[in-house]
2 protein chains.
Amino acid sequence: MEIQEAKRTFISLWGNFGTQWGINRSMAQVHALLLSSEVALSTEEVMDELKISRGNANMNLRDLLNWNLVYKKSVPGDRKEYFFAEKDMWEVAKRIVKERKRREIEPLIQHLNEIRNGLGKTSDSEKEFAKTIEGINQMVSRLNSLSDTLLKADEHAFFGMFMKYLKK
Amino acid sequence: MEIQEAKRTFISLWGNFGTQWGINRSMAQVHALLLSSEVALSTEEVMDELKISRGNANMNLRDLLNWNLVYKKSVPGDRKEYFFAEKDMWEVAKRIVKERKRREIEPLIQHLNEIRNGLGKTSDSEKEFAKTIEGINQMVSRLNSLSDTLLKADEHAFFGMFMKYLKK
DNA sequence: CACTATTTTCAATTTATATTGAAAGTTTTG
DNA sequence: CAAAACTTTCAATATAAATTGAAAATAGTG
C-alpha cells in the first residue's frame, strides 16, 4: 500500500468512526489529516486535500482548536495560519473525555437531578419513577467519576493499577 | 411537576443525549419510555406515546432487544408482544459498552492494524506515519482493555478500588 | 387450512444535519 | 490609511439519516 493511499484510508476510517460517536465527519477527517501530516497545514491545504469548502475547513479547524486537539502556528514571512495536531494520543483521549464530560455528561446529571427533585413522594408510581431516575443518575455519575480518575491518572500509574487489580 | 410531564421531560432528555452519542433519537426515546414505564408496553402503546410510526417503533424495539436493553414478554390470551426495559442501570451501561466494543472499537483496532501492516519501512515519512497509527492504536486498545475491566468488575469492587487509589 | 392478528420490510418521503460559497469582517503591510 | 491577504460568518443548499406507511410475511386461532 502506498503511503498516500494509507493516509486516505485512515482519514476515511477516522471520519466514519467519528460519525458513530456523534462527531461530524468533516471534523474527524480534518483531525485525521492533521494527525497524518508531518507538517502544519494551512486552511487551503486542508480544503484541497479533503475537497471541502473554506467555510467547512475553517469551522472545523476552529472547533478542533476549542477541543485542544489542534494547535496553530505562524510561519515568518507568511500571513497564513498553519495547523497541526496534538500527537500524544493519550493526551488526545484525555482532552476528548474532558470536553464531553463538561459539555454533555455534567449537564445531563444536572437535568436528571432537576427531574428527580421535581417529583413528589405521594404515589407509588412517583416513587417508582424516582427510583429509575436515581438509578440512571447513579450510573452516569459513576462513569463520570471514573473518567475523572482517567483524567487525573497518568498513563503508567493508571494501567499499572489495573494490572495489579486484575492479577490479585 | 406532574409525573407525566416529568416522564416526557426525561424521554426528551434521553433522546437528545442519545443523538449526541450516535444513537438515534427514536431508539433512545423508546428506551426512555420503557425505562419510565412500570408495565410492559405493546408496539401500539409505544407508537401512541411517542407519536411514531409502526415501522419506526418496531425497528427500534427490535434493535433494543439486540442490544439486550429491552426484553419481551407475552400476556396469556393476548397475541401481542409486550416490551419492558432492563432497569439495573449498571447492567445497562455494561451492555452498551460491550456492544459498542464489539461493533465499533474492535473493528477499528482491526482496521488500524491493517493500515499499519500495509506500510513499508523505507522512507522517513512512512516510519513517521506508522508511529502515529501505532499511537492511535495503543490509545484505543488501552481504552478497550479499560472497558474490559469495567465489564468484568462488579460495581463495588470496582469503585472501591478507585477510592483506595485516589486516597493514597 | 382459511381467516385474522400481529410483526416485519423497505421504497418513498421527510427531517435533521452538514456543507457551501459569497459577502462581511479582520489583520497585516507598504 | 488604503489595499491586499486572510479569516469568519451565515443564509441558502445539499446530503445523509431517520421516519413513514402500506404491502408482504409470519404467527396464532378456530
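Throughout, a chain's letter reflects where its sequence line sits, starting with A, and its residues are numbered from 1. The shown structure was predicted, so the numbers you read here are calculated from the model rather than taken from an experiment.
When hydrophobic residues (I, L, V, M, F, W, Y) are linked wherever their side-chain heavy atoms come within less than 4.5 Å, the members clustered with A/Tyr71 are A/Phe84. If you chain together ILVMFWY residues whose side-chain heavy atoms come under 4.5 Å of each other, A/Tyr82 ends up grouped with A/Val75.
Evaluation of the salt bridge (Lys or Arg N to Asp or Glu O under 4.0 Å) rule for B/Glu45 yields no partner, not counting sequence neighbours. Applying the salt bridge (Lys or Arg N to Asp or Glu O under 4.0 Å) test to A/Glu128 and every residue at least two apart in sequence or in another chain returns nothing. For B/Glu49, there are no salt bridge (Lys or Arg N to Asp or Glu O under 4.0 Å) partners, not counting sequence neighbours. Applying the side-chain contact (heavy atoms from CB on, under 4.5 Å) criterion to A/Asn144, with sequence neighbours excluded, gives A/Lys101, A/Ile105, A/Glu106, A/Ile109, A/Ser147. By the side-chain contact (heavy atoms from CB on, under 4.5 Å) test, B/Asn24 pairs with B/Ser26, B/Met27, B/Asn60, sequence neighbours left out. Residues satisfying the side-chain contact (heavy atoms from CB on, under 4.5 Å) test with B/Ala32, not counting sequence neighbours, are B/Phe10, B/Ile11, B/Trp14. Every residue meeting the side-chain contact (heavy atoms from CB on, under 4.5 Å) condition with A/Leu65, not counting sequence neighbours, appears here in chain and number order: A/Val70, A/Lys72, A/Phe83.
Rounded to an integer number of Å, the gap from A/Ile52 CD1 to D/dA14 P is 18 Å. Here the C1' atom of nucleotide D/dA5 and the OH atom of A/Tyr82 are 12 Å apart, to the nearest Å. Rounded to an integer number of Å, the gap from NZ of A/Lys51 to P of C/dG21 is 14 Å. Rounded to an integer number of Å, the gap from B/Glu44 CD to D/dG21 P is 14 Å. D/dT8 atom C1' lies 12 Å from atom CG of A/Leu61, rounded to whole Å. We find that CG of B/Asp63 is positioned 15 Å from C1' of C/dT7, with the value rounded to whole Å. If you take CE of A/Met47 and C1' of C/dA18, they are 16 Å apart, rounded to a whole angstrom. In this structure, CG of A/Asn60 is placed 13 Å from P of D/dT9, rounded to the nearest angstrom.
Contacts between residues 23-35 of chain B and DNA chain D, defined by a heavy-atom separation below 4.0 Å, involve B/Asn24, B/Ser26, listed by number.
Taking OG of B/Ser42 as the start and CD of B/Glu81 as the end, the distance is 10.5 Å to the nearest 0.5 Å. In this structure, NE2 in B/His111 is found 12.0 Å from CZ in A/Phe17, a value given to the nearest 0.5 Å.
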Distances under 3.5 Å between protein N/O atoms and the N/O atoms of nucleotides 26-30 of chain C, please, pair by pair.
| residue | atom | partner | partner atom | Å |
| --- | --- | --- | --- | --- |
| C/dT28 | O2 | A/Arg79 | NH2 | 3.3 |
| C/dT29 | O4' | A/Arg79 | NH2 | 3.2 |

What's touching nucleotides 8-11 of chain C from the protein side, N or O pairs under 3.5 Å?
| residue | atom | partner | partner atom | Å |
| --- | --- | --- | --- | --- |
| C/dT8 | OP2 | B/Asn58 | OD1 | 2.3 |
| C/dT9 | OP2 | B/Arg62 | NH2 | 3.3 |

